[in-house]
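Protein chains get the first letters and strands the later ones, always in sequence-line order, with residue 1 at the start of each. Please read these numbers as outputs of a predicted model, since none were measured by experiment.
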Number of protein chains: 2
Amino acid sequence: MARTTDGDGTPVPQRLLAAATRLFADRGYDRTSVQEIVEAAGVTKGALYHYFGSKDDLLHEVYARMLRVQQERLDAIADGDAPVEQRVRDAAADVVVTTIDNLDDASIFFRSMHHLSPEKNKQVRAERRRYHERFRALIEEGQRSGVFASATPADLVVDYHFGSVHHLSTWYRPEGPLTPRQVADHLADLLLRALRP
Amino acid sequence: MARTTDGDGTPVPQRLLAAATRLFADRGYDRTSVQEIVEAAGVTKGALYHYFGSKDDLLHEVYARMLRVQQERLDAIADGDAPVEQRVRDAAADVVVTTIDNLDDASIFFRSMHHLSPEKNKQVRAERRRYHERFRALIEEGQRSGVFASATPADLVVDYHFGSVHHLSTWYRPEGPLTPRQVADHLADLLLRALRP
DNA sequence: CCAGGCAGACTAACCAGTCGGTATGTCGTG
DNA sequence: CACGACATACCGACTGGTTAGTCTGCCTGG
């Protein structure tokens, strides 16, 4: 077997994915040429098309990674046995922190959906829907048990919160005054305050 | 002077802008060719480059139109003499309604910033900042006068709300169960509830 | 009869993906 | 353990197709 890692120890496929992520986030999917990706990863087109079926595949990997991570974290929190109010707060804050920790992924996520092939797009939507529904179930649980107000449909509440998460990649800057944790606490707080009966 | 309107009575530049808006929203800026735009508008490239300097100019027009409309509406509301609480509610709901009324513009707005030339991008950011600051001033006014909680920095509150507005183009569908006005009332309500002291 | 409004062929650049080729390992066999 | 057969990892020139923008010139109304 020939070299799978080069100069540094990171395997080529991961280097390609990392380079693609950074470039897609910077200039957008269409503005990033395959040539630029392979140059940034220190390989050539041969290597890329050896590991990935298409440029589109690379983008899909970004989505798959992000969706997997976030779904796992939400499930872990939602399955816990803390009171609903606490689980909602934890989930709301956690998604903010992980989003900020992967701002590149996040800005790609919401800007590049329509660059995925139709099937991949459908698949991503389906997984995203699962995530949304899990979160919505948490809200509904709180509304039924009376700890949350029922004035707003749970669906809308979820979209309200995820709008702000989505928006993070537009305005959040690491060099700004707030740490990821502080932003997360504030946003979770706003959500919980909005839900007070 | 030759024909400036064709079959229908709409002037060519506006037809081009309308066609571009619809196409940019559908497939994204990069995926829309100039050829497609002129075909949709029923003219040819000659016409487009007669009225616009570049494809990029067309995109900038979309931004300029949207920013102008929203700034005007916000100013009108903010300058009113209703109590702060009411002005914030009105402004928050109004931007939701106008965003839904121009969903194409909205989805272009948040997806295509990085397709603008650097100078135009800077200009758009500056105007957007003005809007943001006007809104923030409203929140701060409420916080100072004690009708709003001061737990969250006003900047964050504004980003929180505009995240959800931004997000509308992702999930809102006219054929869904909620009218624009209903969505607007719910979202404004969530904001005001979150701001209760 | 001229200037603005527009047509449409043309160009220069670019880019995703292909393909034949090379190098480096692994494995089975005698 | 030597050696050939095969597979994996990767290289890089090339192709076919697309695209933004240009340019020459026609056509029409004033």
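Between the side chains of A:N121 and A:H115, no donor N or O sits under 3.5 Å from an acceptor N or O.
B:E39 places its CD atom 11 Å from the P atom of C:dG8, with the value rounded to the nearest Å. Put simply, CG on B:L58 is 14 Å from C1' on D:dG21, counting in whole angstrom units. For the pair B:L48 CG and C:dG8 P, the interatomic distance rounds to 15 Å; values are reported in whole Å. The distance between atom CZ of B:R27 and atom P of D:dT19, rounded to the nearest whole Å, is 11 Å. Remark: P of C:dG21 and NE2 of A:H50 are 19 Å apart, rounded to the nearest angstrom.
Qualifying side-chain hydrogen bond (donor to acceptor under 3.5 Å, both in side chains) partners for A:N102, counting only residues two or more places apart in sequence or in other chains: none.
Panel note: side chain B:Y172, backbone B:L178; a donor-acceptor pair is recorded below 3.5 Å.
Within the structure, every pair that satisfies the ring pair (Phe, Tyr, Trp, His ring centres under 6.0 Å) test and touches residues 53-107 of chain A, not counting sequence neighbours, is listed here: A:Y63-A:F109.
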Could I get a table of every N or O pair under 3.5 Å where one atom is in the protein and the other is in nucleotides 14-17 of chain C?
| from | atom 1 | to | atom 2 | distance (Å) |
| --- | --- | --- | --- | --- |
| C:dA16 | OP1 | A:T32 | O | 3.4 |
| C:dA16 | OP1 | A:K55 | NZ | 3.0 |
| C:dA16 | OP2 | A:V34 | N | 2.8 |
| C:dA16 | N7 | A:K45 | NZ | 3.0 |
| C:dG17 | OP2 | A:Y49 | OH | 2.8 |
| C:dG17 | OP2 | A:K55 | N | 3.0 |
| C:dG17 | N7 | A:K45 | NZ | 3.0 |
| C:dG17 | O6 | A:K45 | NZ | 2.7 |

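Listed candidates were D:dC10, D:dC11, C:dG8. Nearest to the side chain of A:T44 is D:dC11.
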Subject >> Step-by-step ring pair (Phe, Tyr, Trp, His ring centres under 6.0 Å) determination, A:H166 to B:H166 >> reply: CA-CA 8 Å; A:H166 170 169; B:H166 170 170; 3.9 Å; yes
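Between A:F162 and A:Y131, the ring-plane angle classifies as perpendicular under the 30° and 60° cut-offs.
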